[in-house]
Undergrad: 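Before I ask anything, let me first share the structure, which is written out below as C-alpha coordinates.
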Amino acid sequence: MQSLNSLDSLTEAGQGCQSPPELTDFSPRDVYKDLLAKSITPQKTCGAWAIVSECESGEHHFGKRIFCGREWCEVCGEDNSASHKRRQARLLTRIQQVKQLGYFVIEWPDWARHIGEKGLHPDSDRGEGVAGWCYSKTELQDTTQAIIEVLAGRHGRRGRVGGYFTRGLGRWHWFGDKLPGKWNPHFNVLVDSAYLEKSQLEEIKVSLRTALNCPELIVHYSYFDKPGQMVQKVRYITRATFREYGWNPYMAEELFNFRNIRWWGSWKGAIAWELKEVEGEGEDVAGLEAVSSLQQGICPDCGRPLKAIRHNSGSGAPVVWSRPVDSVYLKLWDAREISGTGYYRIPGTKSRYRYIFSPEELLKLEGLEARARASPSVSPRIRQAQRSVNEFWERKRRAWDELDEMELSDG
Ligand SMILES: [Zn+2]
Ligand SMILES: [Zn+2]
(Lines give C-alpha, C1' and ligand atoms only; values in the text may rest on other atoms or scores of the structure.)
(Ligands and ions follow the chains in the order given, each with its own letter.)
Protein backbone atom coordinates (compact mmCIF):
# COMPACT_ATOMS: atom_id res chain seq x y z
CA MET A 1 0.00 0.00 0.00
CA GLN A 2 2.81 2.35 0.88
CA SER A 3 4.28 1.83 -2.50
CA LEU A 4 1.08 2.91 -4.14
CA ASN A 5 0.80 5.97 -1.97
CA SER A 6 4.28 7.09 -2.79
CA LEU A 7 3.55 6.29 -6.38
CA ASP A 8 0.70 8.74 -6.35
CA SER A 9 2.69 11.53 -4.83
CA LEU A 10 5.49 10.86 -7.26
CA THR A 11 3.08 11.09 -10.11
CA GLU A 12 1.73 14.34 -8.85
CA ALA A 13 5.12 15.84 -8.28
CA GLY A 14 6.72 14.52 -11.40
CA GLN A 15 4.18 14.72 -14.12
CA GLY A 16 1.71 17.30 -13.00
CA CYS A 17 -1.03 14.97 -14.09
CA GLN A 18 -4.28 14.08 -12.39
CA SER A 19 -3.44 11.88 -9.48
CA PRO A 20 -5.65 8.88 -8.82
CA PRO A 21 -7.81 10.28 -6.04
CA GLU A 22 -9.25 7.11 -4.56
CA LEU A 23 -5.94 5.42 -3.99
CA THR A 24 -4.40 8.26 -2.02
CA ASP A 25 -6.81 8.35 0.86
CA PHE A 26 -8.18 4.88 1.29
CA SER A 27 -8.14 3.17 4.61
CA PRO A 28 -8.77 -0.50 5.35
CA ARG A 29 -12.32 0.45 6.10
CA ASP A 30 -12.74 2.19 2.79
CA VAL A 31 -14.80 -0.13 0.68
CA TYR A 32 -15.44 2.38 -2.06
CA LYS A 33 -14.01 0.16 -4.76
CA ASP A 34 -15.99 -2.79 -3.57
CA LEU A 35 -19.09 -0.68 -3.74
CA LEU A 36 -18.17 0.40 -7.21
CA ALA A 37 -17.57 -3.17 -8.23
CA LYS A 38 -20.82 -4.30 -6.69
CA SER A 39 -23.02 -1.37 -7.43
CA ILE A 40 -25.98 -2.08 -9.61
CA THR A 41 -26.41 1.47 -10.84
CA PRO A 42 -24.55 2.75 -13.87
CA GLN A 43 -21.04 4.02 -13.28
CA LYS A 44 -19.68 6.93 -15.20
CA THR A 45 -16.32 5.96 -13.85
CA CYS A 46 -16.40 2.57 -15.52
CA GLY A 47 -12.96 1.86 -16.97
CA ALA A 48 -11.19 4.28 -14.62
CA TRP A 49 -9.09 1.46 -13.24
CA ALA A 50 -6.61 -0.80 -14.92
CA ILE A 51 -4.53 -3.84 -14.08
CA VAL A 52 -1.23 -4.90 -15.61
CA SER A 53 0.53 -8.12 -16.44
CA GLU A 54 3.74 -9.29 -18.03
CA CYS A 55 4.57 -12.54 -19.74
CA GLU A 56 7.17 -14.98 -18.49
CA SER A 57 9.76 -13.63 -20.91
CA GLY A 58 9.56 -10.31 -19.07
CA GLU A 59 9.58 -8.59 -22.46
CA HIS A 60 5.89 -8.06 -23.07
CA HIS A 61 3.58 -5.98 -20.92
CA PHE A 62 -0.16 -5.66 -21.05
CA GLY A 63 -2.78 -3.50 -19.47
CA LYS A 64 -6.45 -4.20 -19.02
CA ARG A 65 -9.09 -1.70 -18.02
CA ILE A 66 -11.65 -2.94 -15.56
CA PHE A 67 -15.22 -2.62 -16.73
CA CYS A 68 -18.38 -3.52 -14.88
CA GLY A 69 -19.80 -5.25 -17.95
CA ARG A 70 -23.37 -4.39 -17.03
CA GLU A 71 -25.69 -4.04 -19.95
CA TRP A 72 -27.23 -0.81 -18.64
CA CYS A 73 -23.89 0.82 -17.90
CA GLU A 74 -23.51 3.83 -20.13
CA VAL A 75 -19.98 2.71 -21.00
CA CYS A 76 -20.42 -1.06 -21.24
CA GLY A 77 -23.87 -1.09 -22.80
CA GLU A 78 -22.80 0.51 -26.06
CA ASP A 79 -22.51 -1.62 -29.17
CA ASN A 80 -18.86 -2.42 -29.73
CA SER A 81 -17.94 -1.24 -26.25
CA ALA A 82 -14.88 -2.89 -24.76
CA SER A 83 -17.13 -5.29 -22.84
CA HIS A 84 -18.99 -6.21 -26.02
CA LYS A 85 -15.73 -6.76 -27.88
CA ARG A 86 -14.36 -8.93 -25.08
CA ARG A 87 -17.40 -11.15 -25.28
CA GLN A 88 -16.97 -11.36 -29.05
CA ALA A 89 -13.32 -12.33 -28.70
CA ARG A 90 -14.24 -15.12 -26.27
CA LEU A 91 -16.87 -16.55 -28.60
CA LEU A 92 -15.11 -16.11 -31.90
CA THR A 93 -12.17 -18.41 -31.28
CA ARG A 94 -14.66 -21.19 -30.57
CA ILE A 95 -17.13 -20.42 -33.32
CA GLN A 96 -14.16 -20.63 -35.68
CA GLN A 97 -14.32 -24.37 -35.08
CA VAL A 98 -17.65 -24.85 -36.82
CA LYS A 99 -18.02 -25.04 -40.59
CA GLN A 100 -21.67 -24.08 -40.46
CA LEU A 101 -23.55 -22.34 -37.73
CA GLY A 102 -27.14 -23.01 -36.71
CA TYR A 103 -29.02 -20.27 -34.90
CA PHE A 104 -32.12 -20.69 -32.76
CA VAL A 105 -34.14 -17.90 -31.22
CA ILE A 106 -36.52 -19.08 -28.52
CA GLU A 107 -39.07 -16.50 -27.49
CA TRP A 108 -42.07 -16.31 -25.16
CA PRO A 109 -45.52 -15.12 -26.14
CA ASP A 110 -46.56 -11.85 -24.55
CA TRP A 111 -48.82 -13.41 -21.92
CA ALA A 112 -46.01 -15.59 -20.57
CA ARG A 113 -43.34 -12.96 -20.14
CA HIS A 114 -44.30 -11.46 -16.79
CA ILE A 115 -45.51 -14.50 -14.91
CA GLY A 116 -43.43 -15.24 -11.88
CA GLU A 117 -42.95 -11.89 -10.18
CA LYS A 118 -43.58 -12.21 -6.47
CA GLY A 119 -46.87 -10.66 -5.46
CA LEU A 120 -47.84 -9.74 -9.01
CA HIS A 121 -50.88 -12.01 -8.78
CA PRO A 122 -51.66 -11.69 -5.07
CA ASP A 123 -54.89 -13.65 -5.34
CA SER A 124 -53.40 -16.72 -6.89
CA ASP A 125 -49.85 -16.66 -5.56
CA ARG A 126 -50.40 -15.32 -2.01
CA GLY A 127 -47.46 -13.04 -2.53
CA GLU A 128 -45.22 -15.92 -3.40
CA GLY A 129 -44.83 -15.78 -7.16
CA VAL A 130 -46.47 -18.28 -9.47
CA ALA A 131 -44.44 -20.59 -11.65
CA GLY A 132 -43.34 -18.94 -14.87
CA TRP A 133 -40.45 -19.06 -17.31
CA CYS A 134 -38.51 -15.87 -17.46
CA TYR A 135 -39.43 -13.39 -14.77
CA SER A 136 -37.07 -14.27 -11.95
CA LYS A 137 -33.47 -15.37 -11.70
CA THR A 138 -34.43 -18.88 -10.56
CA GLU A 139 -36.88 -19.36 -13.37
CA LEU A 140 -34.39 -18.10 -15.92
CA GLN A 141 -31.85 -20.59 -14.61
CA ASP A 142 -34.37 -23.44 -14.80
CA THR A 143 -35.56 -22.41 -18.24
CA THR A 144 -32.00 -22.18 -19.57
CA GLN A 145 -31.29 -25.60 -18.16
CA ALA A 146 -34.43 -27.10 -19.72
CA ILE A 147 -33.64 -25.67 -23.16
CA ILE A 148 -30.08 -26.96 -23.06
CA GLU A 149 -31.27 -30.39 -21.97
CA VAL A 150 -33.49 -30.57 -25.03
CA LEU A 151 -30.84 -29.33 -27.47
CA ALA A 152 -27.74 -30.91 -25.93
CA GLY A 153 -29.23 -33.91 -24.12
CA ARG A 154 -29.42 -34.72 -20.43
CA HIS A 155 -26.35 -35.44 -18.35
CA GLY A 156 -25.95 -39.20 -18.08
CA ARG A 157 -23.21 -41.34 -16.61
CA ARG A 158 -21.14 -41.06 -19.75
CA GLY A 159 -21.74 -37.58 -21.02
CA ARG A 160 -24.97 -36.27 -22.42
CA VAL A 161 -27.78 -38.55 -23.50
CA GLY A 162 -30.22 -37.70 -26.25
CA GLY A 163 -30.29 -34.18 -27.59
CA TYR A 164 -29.73 -32.92 -31.09
CA PHE A 165 -26.46 -30.96 -31.13
CA THR A 166 -23.07 -32.01 -29.78
CA ARG A 167 -21.96 -28.47 -29.01
CA GLY A 168 -23.39 -25.03 -28.75
CA LEU A 169 -23.89 -21.98 -26.62
CA GLY A 170 -26.78 -19.83 -25.54
CA ARG A 171 -27.17 -16.24 -24.44
CA TRP A 172 -30.23 -14.28 -23.40
CA HIS A 173 -31.40 -11.04 -24.86
CA TRP A 174 -33.79 -9.20 -22.57
CA PHE A 175 -35.31 -6.67 -24.90
CA GLY A 176 -35.98 -6.65 -28.61
CA ASP A 177 -34.89 -4.02 -31.09
CA LYS A 178 -38.28 -2.84 -32.19
CA LEU A 179 -39.85 -1.79 -28.90
CA PRO A 180 -37.15 -0.47 -26.59
CA GLY A 181 -38.04 -1.04 -22.96
CA LYS A 182 -40.67 -3.73 -23.60
CA TRP A 183 -39.67 -6.87 -21.71
CA ASN A 184 -39.09 -9.49 -24.34
CA PRO A 185 -36.75 -12.19 -23.08
CA HIS A 186 -35.47 -14.51 -25.80
CA PHE A 187 -32.74 -17.10 -25.70
CA ASN A 188 -30.28 -17.09 -28.60
CA VAL A 189 -28.60 -20.40 -29.28
CA LEU A 190 -25.70 -21.07 -31.63
CA VAL A 191 -25.17 -24.72 -32.52
CA ASP A 192 -22.72 -26.71 -34.59
CA SER A 193 -25.26 -27.53 -37.28
CA ALA A 194 -26.55 -26.54 -40.68
CA TYR A 195 -29.69 -27.25 -42.69
CA LEU A 196 -32.32 -29.20 -40.76
CA GLU A 197 -35.00 -31.34 -42.38
CA LYS A 198 -38.42 -29.87 -41.80
CA SER A 199 -39.52 -32.91 -39.82
CA GLN A 200 -36.47 -32.70 -37.60
CA LEU A 201 -36.97 -29.01 -36.93
CA GLU A 202 -40.60 -29.71 -36.06
CA GLU A 203 -39.54 -32.43 -33.66
CA ILE A 204 -37.14 -30.02 -31.92
CA LYS A 205 -39.85 -27.38 -31.62
CA VAL A 206 -42.26 -29.88 -30.12
CA SER A 207 -39.59 -31.11 -27.68
CA LEU A 208 -38.90 -27.56 -26.54
CA ARG A 209 -42.57 -26.71 -26.11
CA THR A 210 -43.16 -29.91 -24.17
CA ALA A 211 -40.11 -29.57 -21.96
CA LEU A 212 -41.03 -25.99 -21.11
CA ASN A 213 -44.74 -26.67 -20.93
CA CYS A 214 -45.45 -23.73 -23.18
CA PRO A 215 -47.35 -24.73 -26.36
CA GLU A 216 -47.09 -21.22 -27.76
CA LEU A 217 -43.33 -20.98 -27.42
CA ILE A 218 -41.91 -19.20 -30.49
CA VAL A 219 -38.95 -20.99 -32.06
CA HIS A 220 -37.01 -19.68 -35.05
CA TYR A 221 -34.16 -21.44 -36.80
CA SER A 222 -31.69 -20.35 -39.47
CA TYR A 223 -28.15 -21.32 -40.42
CA PHE A 224 -25.06 -19.74 -41.93
CA ASP A 225 -21.96 -20.97 -43.66
CA LYS A 226 -20.03 -17.81 -44.52
CA PRO A 227 -17.44 -16.67 -41.97
CA GLY A 228 -18.67 -13.10 -42.32
CA GLN A 229 -22.20 -14.13 -41.36
CA MET A 230 -20.95 -16.15 -38.40
CA VAL A 231 -18.89 -13.23 -37.11
CA GLN A 232 -21.94 -11.03 -37.49
CA LYS A 233 -24.07 -13.48 -35.48
CA VAL A 234 -21.49 -13.56 -32.72
CA ARG A 235 -21.46 -9.77 -32.64
CA TYR A 236 -25.24 -9.71 -32.60
CA ILE A 237 -25.90 -12.18 -29.84
CA THR A 238 -23.15 -10.80 -27.55
CA ARG A 239 -24.54 -7.26 -27.64
CA ALA A 240 -26.26 -5.62 -24.70
CA THR A 241 -30.04 -5.32 -24.89
CA PHE A 242 -30.89 -4.21 -21.32
CA ARG A 243 -29.75 -0.70 -22.14
CA GLU A 244 -31.62 1.22 -19.45
CA TYR A 245 -31.83 0.19 -15.83
CA GLY A 246 -35.15 2.03 -15.65
CA TRP A 247 -36.70 -0.23 -18.29
CA ASN A 248 -37.20 -2.86 -15.61
CA PRO A 249 -35.51 -2.25 -12.24
CA TYR A 250 -37.10 -5.41 -10.85
CA MET A 251 -35.44 -7.62 -13.47
CA ALA A 252 -32.21 -5.62 -13.29
CA GLU A 253 -32.00 -6.66 -9.64
CA GLU A 254 -32.96 -10.25 -10.47
CA LEU A 255 -30.24 -10.45 -13.11
CA PHE A 256 -27.51 -9.33 -10.75
CA ASN A 257 -24.82 -12.02 -11.00
CA PHE A 258 -26.95 -14.03 -13.40
CA ARG A 259 -24.70 -16.16 -15.59
CA ASN A 260 -25.92 -15.21 -19.01
CA ILE A 261 -23.83 -17.34 -21.31
CA ARG A 262 -24.00 -21.14 -21.30
CA TRP A 263 -21.78 -23.51 -23.26
CA TRP A 264 -21.95 -27.22 -23.85
CA GLY A 265 -19.86 -29.78 -25.71
CA SER A 266 -16.17 -29.78 -26.47
CA TRP A 267 -14.60 -26.68 -27.97
CA LYS A 268 -11.03 -27.91 -28.28
CA GLY A 269 -11.28 -28.90 -31.95
CA ALA A 270 -9.48 -27.69 -35.04
CA ILE A 271 -10.16 -24.34 -36.65
CA ALA A 272 -12.59 -24.59 -39.59
CA TRP A 273 -11.97 -21.10 -40.95
CA GLU A 274 -9.53 -18.30 -40.33
CA LEU A 275 -10.54 -15.00 -38.85
CA LYS A 276 -8.50 -13.47 -41.66
CA GLU A 277 -11.35 -14.37 -43.97
CA VAL A 278 -13.46 -11.66 -42.39
CA GLU A 279 -10.80 -8.99 -42.33
CA GLY A 280 -12.44 -7.23 -45.23
CA GLU A 281 -15.46 -6.54 -43.06
CA GLY A 282 -13.59 -4.12 -40.87
CA GLU A 283 -12.81 -6.60 -38.14
CA ASP A 284 -9.45 -6.10 -36.44
CA VAL A 285 -8.65 -9.78 -36.60
CA ALA A 286 -5.14 -9.73 -35.20
CA GLY A 287 -6.43 -7.66 -32.29
CA LEU A 288 -9.26 -10.00 -31.41
CA GLU A 289 -6.90 -12.97 -31.60
CA ALA A 290 -4.45 -11.24 -29.27
CA VAL A 291 -7.23 -10.49 -26.81
CA SER A 292 -8.52 -14.04 -26.93
CA SER A 293 -5.00 -15.22 -26.13
CA LEU A 294 -4.73 -12.83 -23.17
CA GLN A 295 -8.11 -14.00 -21.93
CA GLN A 296 -6.59 -17.48 -21.79
CA GLY A 297 -3.51 -16.23 -19.92
CA ILE A 298 -1.12 -16.58 -22.87
CA CYS A 299 1.12 -13.84 -24.24
CA PRO A 300 -0.03 -13.12 -27.80
CA ASP A 301 3.45 -11.90 -28.75
CA CYS A 302 5.62 -14.86 -27.73
CA GLY A 303 3.17 -17.59 -26.73
CA ARG A 304 4.49 -17.91 -23.18
CA PRO A 305 2.15 -17.81 -20.18
CA LEU A 306 1.53 -14.60 -18.29
CA LYS A 307 3.74 -14.48 -15.23
CA ALA A 308 2.24 -15.36 -11.86
CA ILE A 309 2.63 -12.55 -9.33
CA ARG A 310 1.51 -14.90 -6.59
CA HIS A 311 -0.91 -17.74 -6.14
CA ASN A 312 -4.43 -17.47 -4.86
CA SER A 313 -4.37 -18.63 -1.25
CA GLY A 314 -7.64 -20.51 -1.66
CA SER A 315 -7.61 -22.10 -5.08
CA GLY A 316 -3.87 -22.06 -5.71
CA ALA A 317 -4.54 -20.55 -9.12
CA PRO A 318 -1.88 -18.16 -10.42
CA VAL A 319 -2.73 -14.47 -10.15
CA VAL A 320 -1.32 -12.88 -13.29
CA TRP A 321 -2.86 -9.42 -13.19
CA SER A 322 -1.80 -6.73 -10.72
CA ARG A 323 -3.95 -4.79 -8.35
CA PRO A 324 -5.90 -1.99 -9.93
CA VAL A 325 -4.18 1.30 -10.57
CA ASP A 326 -5.68 4.44 -12.02
CA SER A 327 -5.97 3.96 -15.75
CA VAL A 328 -4.25 7.30 -16.27
CA TYR A 329 -1.10 5.18 -16.12
CA LEU A 330 -1.98 3.64 -19.43
CA LYS A 331 -1.63 7.09 -20.95
CA LEU A 332 1.59 7.79 -19.13
CA TRP A 333 3.02 4.54 -20.43
CA ASP A 334 1.88 5.23 -24.01
CA ALA A 335 -0.09 2.01 -23.90
CA ARG A 336 -1.81 1.10 -27.17
CA GLU A 337 -5.32 -0.25 -27.02
CA ILE A 338 -5.93 -3.54 -28.82
CA SER A 339 -8.96 -3.49 -31.08
CA GLY A 340 -11.11 -1.33 -28.82
CA THR A 341 -11.29 -4.03 -26.15
CA GLY A 342 -9.79 -2.13 -23.23
CA TYR A 343 -6.76 -4.45 -23.40
CA TYR A 344 -3.48 -2.65 -24.08
CA ARG A 345 0.05 -3.37 -25.17
CA ILE A 346 2.47 -1.41 -23.05
CA PRO A 347 5.66 -0.68 -24.98
CA GLY A 348 9.11 -1.48 -23.57
CA THR A 349 9.22 0.58 -20.44
CA LYS A 350 12.41 -0.26 -18.62
CA SER A 351 13.84 2.85 -16.99
CA ARG A 352 11.89 5.12 -19.26
CA TYR A 353 10.33 7.04 -16.43
CA ARG A 354 11.99 9.07 -13.75
CA TYR A 355 8.99 9.80 -11.58
CA ILE A 356 6.42 7.13 -12.09
CA PHE A 357 6.55 3.41 -11.73
CA SER A 358 6.76 1.31 -14.83
CA PRO A 359 4.56 -1.79 -15.13
CA GLU A 360 7.62 -3.92 -14.28
CA GLU A 361 8.16 -2.00 -11.08
CA LEU A 362 4.50 -2.23 -10.09
CA LEU A 363 4.50 -5.97 -10.64
CA LYS A 364 7.79 -6.38 -8.84
CA LEU A 365 6.51 -4.46 -5.83
CA GLU A 366 3.41 -6.58 -5.71
CA GLY A 367 5.48 -9.74 -5.94
CA LEU A 368 7.76 -8.54 -3.14
CA GLU A 369 4.77 -7.72 -1.03
CA ALA A 370 3.27 -11.16 -1.59
CA ARG A 371 6.54 -12.68 -0.41
CA ALA A 372 6.72 -10.37 2.60
CA ARG A 373 3.22 -11.45 3.49
CA ALA A 374 4.35 -15.07 3.46
CA SER A 375 7.04 -14.27 6.05
CA PRO A 376 5.48 -11.66 8.32
CA SER A 377 7.40 -9.05 10.22
CA VAL A 378 8.25 -9.72 13.86
CA SER A 379 7.15 -6.31 15.10
CA PRO A 380 3.59 -6.62 16.42
CA ARG A 381 2.74 -3.09 15.37
CA ILE A 382 3.89 -3.60 11.80
CA ARG A 383 2.29 -7.01 11.74
CA GLN A 384 -1.03 -5.50 12.77
CA ALA A 385 -0.74 -2.76 10.16
CA GLN A 386 0.15 -5.29 7.51
CA ARG A 387 -2.78 -7.42 8.46
CA SER A 388 -5.34 -4.68 7.99
CA VAL A 389 -3.78 -3.64 4.71
CA ASN A 390 -3.81 -7.23 3.55
CA GLU A 391 -7.41 -7.68 4.57
CA PHE A 392 -8.33 -4.57 2.67
CA TRP A 393 -6.63 -5.76 -0.48
CA GLU A 394 -7.98 -9.24 -0.15
CA ARG A 395 -11.48 -7.84 0.03
CA LYS A 396 -10.84 -5.72 -3.03
CA ARG A 397 -9.30 -8.61 -4.84
CA ARG A 398 -12.31 -10.77 -4.12
CA ALA A 399 -14.59 -8.12 -5.57
CA TRP A 400 -12.45 -7.92 -8.70
CA ASP A 401 -12.22 -11.69 -8.96
CA GLU A 402 -15.97 -11.87 -8.82
CA LEU A 403 -16.28 -9.27 -11.52
CA ASP A 404 -13.78 -11.12 -13.64
CA GLU A 405 -15.67 -14.34 -13.13
CA MET A 406 -18.84 -12.67 -14.32
CA GLU A 407 -17.01 -11.53 -17.38
CA LEU A 408 -15.62 -15.00 -17.93
CA SER A 409 -19.07 -16.38 -17.85
CA ASP A 410 -20.35 -13.48 -19.84
CA GLY A 411 -20.30 -9.98 -18.46
ZN1 LIG B 1 -19.57 -0.51 -17.09
ZN1 LIG C 1 5.60 -12.51 -24.37
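This is a predicted model, so every value here is computed, not measured. One-based numbering, in listed order, for ligands and for the atoms of each.
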Undergrad: Can you tell me, to 10 degrees, how wide the angle at the Zn ion (ligand 1) is between SG on Cys76 and SG on Cys73?
TA: 110°

Undergrad: Going by distance alone, is a donor N or O of one side chain under 3.5 Å from an acceptor N or O of the other, for His61 and Arg345?
TA: no

Undergrad: How wide is the angle at the Zn ion (ligand 2) between SG in Cys299 and SG in Cys55, to the nearest 10°?
TA: 110°

Undergrad: Using ring centroids (six-membered ring only for Trp), state whether Trp111 and Trp133 fall under 6.0 Å.
TA: yes

Undergrad: With rounding to 10 degrees, what does the angle Cys302:SG / the Zn ion (ligand 2) / His60:ND1 come to?
TA: 110°

Undergrad: Would Trp247 and Phe175 count as a close aromatic pair, with their ring centres under 6.0 Å?
TA: yes

Undergrad: Could you tell me if the side chain of Phe224 sits less than 4.5 Å from the side chain of Lys233, heavy atoms only?
TA: yes

Undergrad: Would you give the angle at the Zn ion (ligand 1) between Cys68 atom SG and Cys46 atom SG, to the nearest 10°?
TA: 100°

